[in-house]
Amino acid sequence: MPLIDLTQISKVYRMGDVEVHALRDVSFAVEERDFVAVMGSSGSGKSTLMNIVGCLDRPSTGTYRLDGQEVSRLDRRELARIRNRTLGFVFQSFNLLARTSALENVELPLMYGGVPARERRRRAEVALARVGLAERAHHHPNQMSGGQQQRVAVARALVTQPRLIVADEPTGNLDSRTTVEIMVLFQELSAAGITVLLVTHEPDVAAYASRVVMMRDGRIRTDTRQAARRAAADRAAAAGATADAPEASA
């Protein structure tokens, strides 16, 4: 059974008397442990698709099953519960609380889920260690580079132990070397068993995925399996660049 299973999904936005068809009869399935990059120009429907997969929006028509459960017609409380237990989100702008430490930022989803304070702290520390930021746990976002802030955002997505991570242009605010580091991290998460759905407009970013879906005019135009860019080679390249660059840009 696919983890993500969309059948003839359409999304129509009404602006006065005008109807905008963001998605048109999209059928799309993603297996567990897959790493999928969704590409397309502005207005292609890729962000709408991501919002529906992430239970942030509802389709106008069609069926969406997440891990076998029909979720497209659930109420807000049920959708919030699924987002908290099954999904992790990573955004382009990091969305970290400025006056809150990295550790406290990572704890937030667990706080909303009612996890006790001691367990929240333990799981947040484990998540930060997993992304290589254990020593930065008590730093605030303004004390970290863009790449470190995005790693905190990834740790926050991981802390609920999700089965699916949805990432919206996660490298859009990063330089090329830091982009490599973040994409290698996503590859490692996929290899560890977490399904990754990533929206991007950059072919170099999509090259890290094992599958690339191209959208245009609200439809899926191509869906291609590929040999993902080798993580080890890029990690070595990133390490070499780090040696030549100031620490603040890491």
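Remember, predicted model here, so these are calculated numbers, not experimental data.
- Tested against Ile182 for a side chain to side chain contact (heavy atoms under 4.5 Å, CB included), the candidates Val90, Leu174, Val205 yield a single pass: Leu174.
- Counting only N and O atoms by type, the side chains of Ser101 and Glu104 include a donor and acceptor under 3.5 Å apart.
- Between the CG atom in Leu23 and the OG atom in Ser47 there is a gap of 10.0 Å [rounded to 0.5 Å].
- The local environment of CZ in Arg225 is crowded, with over 12 non-hydrogen atoms from other residues, nucleotides or ligands closer than 6.0 Å.
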Discussion item. If you apply the rule side-chain hydrogen bond (donor to acceptor under 3.5 Å, both in side chains), what do you find for Glu169 with Thr171, and how did you get there?
Written reply: CA-CA 6 Å; Glu169 300 282 4; Thr171 62; 5.6 Å; no

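- Distance check, rounded to the nearest 0.5 Å: OG1 of Thr200 to CD of Gln92 gives 9.5 Å.
- Of all heavy-atom pairs between Gln226 and Tyr208, the closest is NE2-N, 4.5 Å.
- Under a hydrophobic-cluster definition in which Ile, Leu, Val, Met, Phe, Trp and Tyr are linked whenever side-chain heavy atoms come within less than 4.5 Å, directly or via other members, Val71 and Ile165 are assigned to different clusters.
- Atom OH of Tyr13 sits in a crowded spot, with more than 12 heavy atoms from other residues, nucleotides or ligands closer than 6.0 Å.
- Here OG1 of Thr63 is found 8.5 Å from CD of Gln8. Values are rounded to the nearest 0.5 Å.
- Within the 4.5 Å cutoff, the side chain of Leu49 has heavy atoms near those of the Leu6 side chain.
- The shortest side-chain heavy-atom distance between Pro2 and Ile4 does not fall under the 4.5 Å cut-off.
- With a 4.5 Å cut-off on side-chain heavy atoms, Pro59 and Lys11 do not count as touching.
- In terms of heavy atoms, Cys55 sits closest to Ile82 at SG-CG2, 4.3 Å.
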Discussion item. Please evaluate residues Arg123 and Leu110 with respect to the criterion side-chain contact (heavy atoms from CB on, under 4.5 Å), reporting the C-alpha separation (whole Å), side-chain torsions for both, the decisive distance (0.1 Å), and the verdict.
Written reply: CA-CA 9 Å; Arg123 287 170 61 175; Leu110 300 178; 3.6 Å; yes

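- Taking the side chain as every heavy atom from C-beta outward, Val20 and Val12 never approach each other to under 4.5 Å.
- Other residues, nucleotides and ligands place more than 12 heavy atoms under 6.0 Å from the CZ atom of Arg58.
- By the criterion of side-chain heavy atoms lying less than 4.5 angstrom apart, applied directly or through intervening Ile, Leu, Val, Met, Phe, Trp or Tyr residues, Leu56 is grouped together with Met215 in one hydrophobic cluster.
- Taken from OG in Ser10 to CZ in Arg219, the straight-line distance is 8.0 Å, to the nearest 0.5 Å.
- Between the side chains of Asp175 and Thr178, at least one donor N or O sits under 3.5 Å from an acceptor N or O.
- Of the residues Leu158, Val106, Val159, Val154, the one that meets the side chain to side chain contact (heavy atoms under 4.5 Å, CB included) test with Leu128 is Val106.
- Looking at Gln187, its side chain does come within 3.5 Å of a backbone N or O of Arg229 through a donor-acceptor pair.
- One hydrophobic cluster holds both Val199 and Ile220 under the rule that ILVMFWY side chains link at heavy-atom gaps under 4.5 Å.
- Taking 4.5 Å as the limit, some side-chain heavy atom of Arg156 sits within range of a side-chain heavy atom of Leu96.
- Side-chain atoms of Gln143 come within 3.5 Å of backbone N or O of His140 as a donor-acceptor pair.
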Fill in: Derivation and outcome, side-chain contact (heavy atoms from CB on, under 4.5 Å), residues Met214 and Thr224
CA-CA 8 Å; Met214 184 68 69; Thr224 309; over 6 Å; no

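- For the residue pair Val152 and Ala102, the shortest heavy atom distance occurs at CG2-CB, 3.9 Å.
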Practice prompt. Please step through side-chain contact (heavy atoms from CB on, under 4.5 Å) for the pair Arg83 and Tyr112, ending with a clear verdict.
Written response: CA-CA 11 Å; Arg83 285 195 298 268; Tyr112 297 144; over 6 Å; no

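- Between Arg81 and Glu78, none of the side-chain N atoms (NZ, or NE/NH1/NH2) sits under 4.0 Å from a carboxylate O, so this pair counts as no salt bridge.
- How far CG of Leu197 is from CG of Leu3: 10.0 Å, rounded to the nearest 0.5 Å.
- Leu87 is not connected to Val196 by any chain of hydrophobic side-chain contacts under 4.5 Å among Ile, Leu, Val, Met, Phe, Trp and Tyr, and they are in different clusters.
- By the rule that hydrophobic residues join a cluster once side-chain heavy atoms approach within less than 4.5 Å of another member, Val26 and Val212 end up as members of separate clusters.
- Two residues are said to be in side-chain contact when any heavy atoms from C-beta on lie closer than 4.5 Å; Leu185 and Met183 fail this criterion.
- For the residue pair Phe35 and Ala209, the shortest heavy atom distance occurs at O-CB, 3.4 Å.
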Discussion item. Walk me through whether Arg24 and Asp217 qualify under salt bridge (charged side-chain N to carboxylate O under 4.0 Å, His left out).
Written reply: CA-CA 8 Å; Arg24 300 172 182 267; Asp217 299 330; over 6 Å; no

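- A donor-acceptor distance shorter than 3.5 angstrom exists from the side chain of Asn105 to the backbone of Thr100, with no hydrogens or angles considered.
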Item to complete: Evaluate the criterion salt bridge (charged side-chain N to carboxylate O under 4.0 Å, His left out) for residue pair Glu181 and Arg177; output intermediate values, then yes/no.
Response: CA-CA 7 Å; Glu181 296 174 355; Arg177 179 177 56 78; 3.1 Å; yes

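- Proximity of a side-chain donor or acceptor of Ser41 to a complementary backbone N or O of Ser44 within less than 3.5 Å is not detected.
- To the nearest 0.5 Å, atoms CG (Asp5) and CG (Leu66) are separated by 10.0 Å.
- Nearest heavy atom pair, residue Leu103 against residue Ala124, reads CD1-CB, 3.6 Å.
- Under a 3.5 Å cut-off, the side chain of Lys46 and the backbone N or O of Met39 do not form any donor-acceptor pair.
- Checking side-chain atoms of Arg33 against main-chain N and O of Ala191 turns up a donor-acceptor pair under 3.5 Å.
- Between Arg118 and Arg122 the shortest side-chain heavy-atom distance does not fall below 4.5 Å.
- At a cut-off of 3.5 Å, with distance as the only test, a side-chain donor of Asp34 or Ser210 sits close to an acceptor on the other residue.
- When all heavy atoms of Ile9 and Tyr64 are compared, the pair lying nearest together is CD1-N, 4.2 Å.
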Practice prompt. Take Phe186 and Ile194 through the side-chain contact (heavy atoms from CB on, under 4.5 Å) test and state the conclusion after the steps.
Written response: CA-CA 9 Å; Phe186 278 124; Ile194 297 175; over 6 Å; no

